[in-house]
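On a predicted model such as this, the values are computed, not experimentally measured, just so you know. Below, chain A is the first sequence line, B the second, and so on; all start at residue 1.
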Amino acid sequence: MRVATWNINGVKARLENLLHWLEEETAPDVVCLQEIKSVDEQFPRMEIESLGYHVETHGQKGFNGVAILSKLRFDEATRGLPGEESDAQSRFIEGVFSVDGGVIRVVSAYMPNGNPLGTEKFTYKIAWMERLQAWAEARVALEEPLVLAGDYNIIPHPIDARNIQDWLGDALYQPQSRAALRRLEALGLTECVRAVTDAAETYTFWDYQAGAWQKNNGIRIDHILLSPEAADRFSAASIDKRVRAWEKPSDHVPVIAELDFHAPH
DNA sequence: ATGGTTGCTTTGCAA
């Protein structure tokens, strides 16, 4: 099973791009999308279903919004991160799929950006990550395969930015933000890309502004974390930076993990 | 060099 996460930055603006990517021979079995910027009713469901994907969305008007596309049929789909009933932002959807030997859970999450510092946006970012931690603790306790994929809006280490000095005052690189990711990993979750390489310049985001792509001024903020039961079946990870050079690209590119799970017979 | 670009809710906001 190939699982990908991709912040699409507007699914309606990016539909041609997305369909072309899904039509490739290497297209993933499960695709976690973030920033669909669409209500569920306007999500281009039929175009994607016609390529053999099942579709579950958790959108909202104008911004945020997440979705999971899957060649496997959903056993369940759950919307929203528990722990704060008043939170109206659509940032979390969990799908459950039957595979050989049991089930696998896959989450598409769009973690808050948190900028600028010193505002309620940063407070919300940290509080959201604390809610995610509580959720993840309960899920890890199930001892099931779990894929926690998304735009974390966190730069883990200095090597994950071309110019880390540029990010010292940014919410994506604050000690509290980095600690939130470290605490998830401390539960026993494996971060796929760093599990297979310590190479630099493994970026997943290049700003539209100031020629960031042309200068390779990128950062690595999109991640796939695996529970131990999923990590046992993990064989490879990659970043598909080709799509950043396509016409009308998202500012993010897909991260992909290979897992040795198969549809039940 | 406090700029630059993109998508949506548009003449502002979020990223």
Side-chain angles (χ1 to χ4, degrees), chain A residues 5-21 32-45 47-48 57-67 81 87-93 108-129 132 149-156 160-174 176-178 180-181 203-223 239 241-255:
Chain A
T5 183
W6 191 8
N7 180 322
I8 198 77
N9 189 22
V11 70
K12 297 188 289 284
R14 212 72 59 213
L15 184 58
E16 196 177 339
N17 216 310
L18 174 62
L19 293 176
H20 185 246
W21 189 69
C32 299
L33 298 177
Q34 300 88 38
E35 280 203 272
I36 63 174
K37 297 186 176 182
S38 170
V39 294
D40 296 339
E41 295 72 27
Q42 287 172 27
F43 189 92
R45 161 184 293 275
E47 294 90 329
I48 293 166
T57 63
H58 183 38
Q60 71 180 92
K61 192 174 176 184
F63 55 108
N64 298 329
V66 290
L81 177 63
D87 186 359
Q89 299 191 34
S90 297
R91 298 180 173 276
F92 185 96
I93 185 169
S108 176
Y110 177 45
M111 289 68 170
N113 176 291
N115 281 302
L117 296 181
T119 68
E120 71 289 342
K121 294 195 175 195
F122 188 69
T123 308
Y124 174 75
K125 177 189 185 86
I126 299 305
W128 200 95
M129 293 306 294
L132 180 64
D151 176 0
Y152 280 68
N153 268 315
I154 296 171
I155 303 169
D160 296 313
R162 175 64 177 265
N163 295 118
I164 198 62
Q165 303 92 319
D166 295 346
W167 300 93
L168 297 180
D170 194 285
L172 279 54
Y173 193 65
Q174 290 312 292
Q176 284 171 280
S177 309
R178 298 172 65 199
L181 178 55
Y203 308 133
T204 66
F205 169 91
W206 296 259
D207 203 292
Y208 290 123
Q209 302 183 75
W213 168 246
Q214 288 75 12
K215 296 182 213 166
N216 195 25
N217 184 12
I219 52 175
R220 194 173 72 92
I221 55 175
D222 301 271
H223 309 298
I239 297 171
K241 66 188 285 187
R242 295 173 306 139
V243 303
R244 188 61 178 77
W246 289 2
E247 289 295 317
K248 213 170 181 292
S250 170
D251 40 7
H252 296 249
V253 300
V255 180

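Separation of the C1' atoms belonging to B:dA14 and B:dG4 is 16 Å when rounded to the nearest angstrom. When the P atom is used for both B:dG7 and B:dT2, the distance is 26 Å, rounded to whole Å.
The side chain to side chain contact (heavy atoms under 4.5 Å, CB included) check on A:N17 picks up A:W6, A:R14, A:W246, with sequence neighbours excluded. Checked against salt bridge (Lys or Arg N to Asp or Glu O under 4.0 Å), A:D207 has no partners two or more places apart in sequence or in another chain. For A:R162, there are no salt bridge (Lys or Arg N to Asp or Glu O under 4.0 Å) partners, not counting sequence neighbours. Residues satisfying the side chain to side chain contact (heavy atoms under 4.5 Å, CB included) test with A:P249, not counting sequence neighbours, are A:R244.
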Could you list the protein-to-nucleotides 1-3 of chain B atom pairs, N/O on both sides, closer than 3.5 Å?
none

Each nucleotide N or O in nucleotides 10-12 of chain B that has a protein N or O under 3.5 Å away: list the pair and distance.
none

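Proximity of a side-chain donor or acceptor of A:S90 to a complementary backbone N or O of A:G65 within less than 3.5 Å is not detected.
In this structure, the NZ atom of A:K37 is 12 Å from the P atom of B:dA14, given to the nearest Å.
A:N153 has its side chain within reach of A:K125: a pair of non-hydrogen atoms, C-beta onward, lies under 4.5 Å apart.
The residue among A:D207 and A:F63 whose nearest nucleotide of DNA chain B lies closer to the 5′ end is A:D207.
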